[in-house]
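Computed from a prediction, not measured in an experiment: that's the story for all the values here.
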Amino acid sequence: AKGYFIAVNRAFYDRLEDPGTDPIGKSSIDIFPSESGRIFAEEDRKVFESGQPMVVERHRIIRGKPQIFMVFRYPVLDDSGKVVGVAGVSRDITESRSAEDMLHLALQRQKALLDGIPDAAWLLDAQGRYIEVNKGYLARFEDDSIDPVGKTAFEFHPADFAATIQEEERRIMATRQPLRVERKRRIKGRERHLDVIKVPVMDTAGNVTGIACLSFDITQHKQAEQSLRETQLRQKALLDSIPDAAWLKDSAGRYVEVNQNWCVRHNLERTEIIGKTDLEIFPGQNNQAVISEDRQVIDSRQPFHIERPQS
């Protein structure tokens, strides 16, 4: 009741600054450094006076080594229920807390990494539950309150789309191979083209423990491809409407388009021409004049006209 130690175990001695110290019959103030001893004694007094247990986490440096302890104190009662002393258990949690801190740091880095990706990114566990999503993923939802973490796709996506996702995940888990798909989705009222990449996440034993996913919005790219195709079709239609031979070349002298009359004149198929130069199409012929004329047009940015006999 006076705060003197009446019994301790071997581990208690090991945690003293001087393992040779005998704590029996002494108080915390007698055997611990002044500030620590005062705090320990005050905690003992609170448990004794309140009759209630106390749990505290304590950081100490013992013989130069930082350690973390979880300390449990509880009152000792006599047969009448009167508090006659205080018992304590101190558990070393240094390693587990270090692991927790490392896990917390790893999760923070994981979150920062995902949020650094401008498009949607997310991580799934082996059961298809979302364990992390980035801001780009959340930005695709109309409802800002949706939180996918801890859920499967069926809990916040339409059933048919969730079933497609689930089938993709099953395929990755079974084959242990990455999957890449392009899909169309309506996002916030607009149709978007997405390039989705999913890769298995494996542990050191080679077991698939989850799936990492990226989804890139390639709508502008698809629109540019479509515009290019349409431009090329209009370009070819324009050339084919010219009654004589007509063609287009790039700045390197490669043919990018020819009309049907050009093909007939030279007795060649279009596939034998596109992407090639005159030197490649007509080897052995004197093409220097044509090459010189092409260069003159490019350098001067002016039209060029010449009449020459057709062989």
Side-chain angles (χ1 to χ4, degrees), residues 113 116-121 134 136-137 139-140 164 168 171-172 175 177-199 212-311:
L113 177 62
I117 298 172
D119 272 293
N134 74 344
Y137 186 88
R140 292 184 177 177
T164 299
E168 292 172 354
R171 195 185 319 167
I172 294 169
T175 64
Q177 296 297 316
L179 177 69
R180 186 169 190 170
V181 296
E182 284 190 17
R183 61 168 52 105
K184 292 181 183 179
R185 282 195 62 206
R186 184 160 290 276
I187 298 175
K188 293 186 174 179
R190 300 174 61 189
E191 186 177 82
R192 313 300 294 177
H193 293 262
L194 305 176
D195 181 13
V196 183
I197 302 170
K198 299 182 178 183
V199 297
C213 311
L214 293 170
S215 175
F216 300 99
D217 189 332
I218 57 172
T219 306
Q220 287 186 335
H221 175 69
K222 284 293 185 182
Q223 290 172 342
E225 283 184 344
Q226 180 62 28
S227 296
L228 176 60
R229 284 193 294 269
E230 292 173 356
T231 300
Q232 290 172 332
L233 288 173
R234 288 194 297 268
Q235 185 175 273
K236 190 171 188 317
L238 176 62
L239 286 178
D240 283 340
S241 69
I242 298 173
D244 271 312
W247 65 95
L248 289 174
K249 294 180 181 178
D250 64 17
S251 59
R254 293 183 295 258
Y255 285 85
V256 295
E257 193 56 83
V258 295
N259 70 355
Q260 186 60 33
N261 288 323
W262 194 100
C263 294
V264 171
R265 177 177 293 181
H266 295 283
N267 194 29
L268 291 169
E269 295 293 332
R270 181 177 178 276
T271 53
E272 299 177 83
I273 304 160
I274 303 303
K276 297 180 182 178
T277 66
D278 287 290
L279 290 173
E280 295 171 303
I281 299 171
F282 307 110
Q285 296 186 24
N286 183 10
N287 295 297
Q288 291 307 315
V290 173
I291 294 172
S292 178
E293 292 163 3
D294 289 345
R295 178 48 54 190
Q296 180 179 334
V297 172
I298 291 171
D299 292 343
S300 68
R301 301 186 180 185
Q302 296 297 320
F304 179 85
H305 178 264
I306 189 173
E307 291 186 8
R308 62 165 58 98
Q310 178 68 39
S311 58

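- Counting non-hydrogen atoms of neighbouring residues, nucleotides and ligands closer than 6.0 angstrom, the CZ atom of R180 reaches no more than 12 such neighbours.
- Of the N and O atoms on the side chains of R229 and Q226, at least one donor lies less than 3.5 Å from an acceptor on the other residue.
- Between the side chain of K188 and the main chain of A139, a donor-acceptor pair closer than 3.5 Å is present.
- In this structure, the separation between CZ on R234 and CD on E230 is 6.0 Å, given to the nearest 0.5 Å.
- A heavy-atom distance below 4.5 Å is not found between the side chains of W262 and I242.
- For the atom pair CG (N134) and CG (L214), the distance works out to 8.5 Å, reported to the nearest 0.5 Å.
- From E272, atom CD reaches atom CD of E280 across 13.0 Å, with rounding to the nearest 0.5 Å.
- With values rounded to the nearest 0.5 angstrom, I172 atom CD1 is found 4.5 Å from L179 atom CG.
- In this structure, R183 and T164 have side chains that are in contact, with non-hydrogen atoms separated by less than 4.5 Å.
- Distance alone, capped at 3.5 Å, places no donor-acceptor pair between the D278 side chain and the V290 backbone.
- Proximity of V256 to L248: side-chain heavy atoms (C-beta onward) are separated by under 4.5 Å at one or more points.
- Side-chain contact between R265 and D244 is present, with heavy atoms from C-beta onward closer than 4.5 Å.
- No donor-acceptor pair closer than 3.5 Å links the side chain of T277 to the backbone N or O of R254.
- Residues K184 and K222 have side chains not in contact (no heavy-atom distance under 4.5 Å, counting atoms from C-beta outward).
- Between L194 and D217, the closest side-chain pair of non-hydrogen atoms falls below 4.5 Å.
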Q: Begin from the C-alpha positions of D119 and R140 and carry the test salt bridge (charged side-chain N to carboxylate O under 4.0 Å, His left out) through to its verdict.
A: CA-CA 10 Å; D119 272 293; R140 292 184 177 177; 3.7 Å; yes
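- The OG atom of S215 sits 7.5 Å away from atom CG of D195, with the distance rounded to the nearest 0.5 Å.
- In this structure the side chain of W247 never reaches within 4.5 angstrom of the side chain of I273, judged on heavy atoms.
- The closest side-chain heavy-atom distance from I218 to E182 is below 4.5 Å.
- The backbone N or O of S241 sits nowhere less than 3.5 Å from a side-chain atom of N259 that would complete a donor-acceptor pair.
- R171 has no carboxylate O lying under 4.0 Å from a charged side-chain N of E168, or vice versa, which leaves the two without a salt bridge.
- Partners of F216 under the ring pair (Phe, Tyr, Trp, His ring centres under 6.0 Å) rule, at least two apart in sequence or in another chain, do not exist in this structure.
- Heavy-atom neighbours of E269 CD from other residues, nucleotides or ligands within 6.0 Å: at or below the threshold of 12.
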Sequence neighbours left out, cut at 3.5 Å: what donor-acceptor pairs do the side chains of residues 299-306 make with other protein atoms?
residue	atom	partner	partner atom	Å
D299	OD1	R295	NH1	3.4
S300	OG	Q296	O	2.7
S300	OG	Q302	N	3.2

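- For the atom pair D240 CG and E257 CD, the distance stands at 7.5 Å (nearest 0.5 Å).
- For E191 against T219, the heavy-atom pair with the smallest separation is O-CG2, 4.3 Å.
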